[in-house]
Amino acid sequence: MSGAFAFDDTYRARAETIVARYPEGRQQSAVIPLLDLAQRQAGGWLRTEAIEYVAAYLGMPKIRVLEVASFYSMFNLEPVGTNFVQLCRTTPCWLRGSDDLRAVAKEVTGCELGETSEDGVFTVVEVECLGACCNAPMVQINDDYYEDLTADSFRVVLEALKCGETPETGSQSGRKGSEPAGELTSLNGVGKGA
Ligand code: FES
């Protein structure tokens with residue numbers, strides 16, 4: 001995709017709301033949320049025209065906006081698949097089996113890390129801690145977290161996405177939040193007068 005970029009009415013209204021949150025003269029502080037809006041409108045990645053548009057919108061040098069877009073892993077500078085799969089590889093997820101999840105991702109999507117599937121349905125990347133370590137191993141796909149994964153449950157999630165279905169998000173083991181996976185092992189007497 002190439003050519004001019006501009007926020008449509010919906011995204012422009014959102015951008016105006018965000019920019020208005022900052023004090024007069026500090027509107028450039030909105031660069032990250034505006035890049036996020038641009039990426040969402042543009043289908044998951046930021047082509048040069050979108051970066052230039054955000055720069056002009058905020059009155060910033062293009063290079064400053066490109067620096068931000070190229071620094072943060074949540075911004076993509078190349079096209080991505082419909083499902084942007086981010087495998088967490090940091091220690092807690094790794095200890096709990098993230099290598100197995102990477103193998104399943106390759107098997108189901110055909111993607112090596114950093115690749116997009118030929119049908120455009122998946123892009124698979126590895127990222128650092130996504131802040132849900134107590135539900136490790138976990139994976140972020142687009143805006144959703146899939147947690148407490150096993151190789152089998154991750155395969156079910158990916159196969160469902162491949163078929164255009166919407167799998168259940170959150171813990172895949174059935175536990176609520178980050179409650180203990182088994183019986184309580186500490187603070188058992190709290191509230192019981194013990
Ligand atoms: S290590 Fe995976 S979410 Fe923190």
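Just so you know, ligand 1 is whichever comes first in the structure, and atom 1 is the first atom listed for that ligand.
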So, F122 versus F84, ring centres under 6.0 angstrom or not?
no
What are the protein N/O/S atoms, named by residue and atom, that sit under 2.8 Å from atom 4 (Fe) of ligand 1?
C129 SG, C133 SG
Sub-4.5 Å side-chain heavy-atom contact between V139 and I141
yes
Using a 3.5 Å cut-off and no angle test, enumerate the donor-acceptor pairs between side-chain atoms of residues 126-138 and protein atoms at least two apart in sequence or in another chain.
from: E126; atom 1: OE1; to: R89; atom 2: NH1; distance (Å): 3.3
from: E126; atom 1: OE2; to: R102; atom 2: NH1; distance (Å): 3.2
from: E128; atom 1: OE1; to: T90; atom 2: OG1; distance (Å): 2.8
from: E128; atom 1: OE2; to: R89; atom 2: NE; distance (Å): 2.9
from: E128; atom 1: OE2; to: R89; atom 2: NH2; distance (Å): 2.8
from: N135; atom 1: ND2; to: D148; atom 2: OD2; distance (Å): 3.2
from: N135; atom 1: ND2; to: G177; atom 2: O; distance (Å): 2.8

If a pair satisfies side-chain hydrogen bond (donor to acceptor under 3.5 Å, both in side chains) and one of its residues is in residues 65-87, list it, with sequence neighbours excluded.
none
Going by side-chain hydrogen bond (donor to acceptor under 3.5 Å, both in side chains), name the pairs with one or both residues in residues 14-39, residues two or more places apart or in two chains.
D36-R40
side-chain hydrogen bond (donor to acceptor under 3.5 Å, both in side chains) for D119 and S117? Distances and angles first, verdict last.
CA-CA 5 Å; D119 56 9; S117 58; 2.6 Å; yes
